[in-house]
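Structure first, commentary second.
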Amino acid sequence: MAFKLTISVKSNARQAKIEKRSATEYVVWVRAPAREGQANDAVVALLAKHFAVPKSSLRIVRGEKTRRKIVEIA
């Protein structure tokens, strides 16, 4: 069973953290810059750690190049 989350990403942050806004909406701060997919990789790694799932079970469905993303967790 997969579910989708709406993620707002803040790149180049001082620290990496996750803040829950609602049941399906989160704000994620990552230290990585938003270039060459570095921030996306950091978001996936941080969410995988937060939800205790392997990184391979997370997928960015929409928003590869924007701050607002839809992430699917399998």
Side-chain angles (χ1 to χ4, degrees):
M1 181 177 148
F3 59 97
K4 294 181 181 176
L5 302 173
T6 303
I7 308 292
S8 293
V9 178
K10 310 283 187 182
S11 58
N12 289 325
R14 288 183 181 214
Q15 65 180 8
K17 65 179 182 175
I18 297 175
E19 180 181 299
K20 185 175 182 178
R21 292 285 168 102
S22 69
T24 60
E25 193 169 337
Y26 289 81
V27 178
V28 177
W29 285 266
V30 293
R31 301 190 74 201
R35 82 173 74 94
E36 298 172 0
Q38 293 176 12
N40 288 340
D41 293 342
V43 167
V44 168
L46 193 60
L47 288 172
K49 184 177 178 182
H50 179 77
F51 289 108
V53 296
K55 287 191 281 187
S56 60
S57 66
L58 278 97
R59 183 171 67 99
I60 297 175
V61 178
R62 183 178 295 152
E64 282 280 333
K65 297 184 180 193
T66 63
R67 293 180 187 269
R68 225 148 140 79
K69 303 179 186 308
I70 305 292
V71 176
E72 181 179 74
I73 301 176

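Throughout, residue positions are numbered sequentially from 1 according to the sequence presented.
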Whether the side chain of Arg31 engages the backbone of Gln15 through a donor-acceptor N/O pair (distance < 3.5 Å, no angle test) should be reported. no

Hey, is the main chain of Ile7 close enough, under 3.5 Å, to the side chain of Lys69 for a donor-acceptor pair? no

To the closest 0.5 Å, what do you measure between NZ (Lys55) and NZ (Lys49)? 11.5 Å

Of the non-hydrogen atoms in Ala32 and Ala42, which two are nearest, and what is the gap between them? CB-CB, 4.0 Å

Distance col, row His50:NE2 vs Leu58:CG, nearest 0.5 angstrom, shows 11.0 Å

Ala39 versus Ala34, closest heavy-atom pair with distance: CB-CA, 3.9 Å

Kindly compute the distance separating OG (Ser11) from CD (Gln38), expressed to the nearest 0.5 Å. 10.0 Å

Is any side-chain N of the basic residue among Lys17 and Glu19 closer than 4.0 Å to the acidic one's carboxylate O? no

Are Phe3 and Val27 connected, step by step, through hydrophobic side chains (Ile, Leu, Val, Met, Phe, Trp, Tyr) whose heavy atoms are closer than 4.5 Å? no

Check for a donor-acceptor pair, side chain of Asn40 on one end and backbone N or O of Glu64 on the other, with a separation under 3.5 Å. yes

Using the rule that two of Ile, Leu, Val, Met, Phe, Trp, Tyr join whenever any of their side-chain heavy atoms come within less than 4.5 Å, decide whether Val43 and Val53 are in one cluster. yes

Is there side-chain contact between Thr6 and Tyr26, with at least one heavy-atom pair below 4.5 Å? no

Do you know the tightest heavy-atom contact between Ala2 and Glu72? CB-CG, 4.0 Å

Could you check Thr24 against Ser22 for side chain to side chain contact (heavy atoms under 4.5 Å, CB included), going step by step and ending with a plain yes or no? CA-CA 5 Å; Thr24 60; Ser22 69; 4.3 Å; yes

Just one of Leu5, Val71, Leu46 clears the side chain to side chain contact (heavy atoms under 4.5 Å, CB included) bar with Val28, so which one? Leu46

Are Val9 and Phe51 linked, directly or through intermediate hydrophobic residues, by side-chain heavy-atom contacts shorter than 4.5 Å (ILVMFWY only)? yes

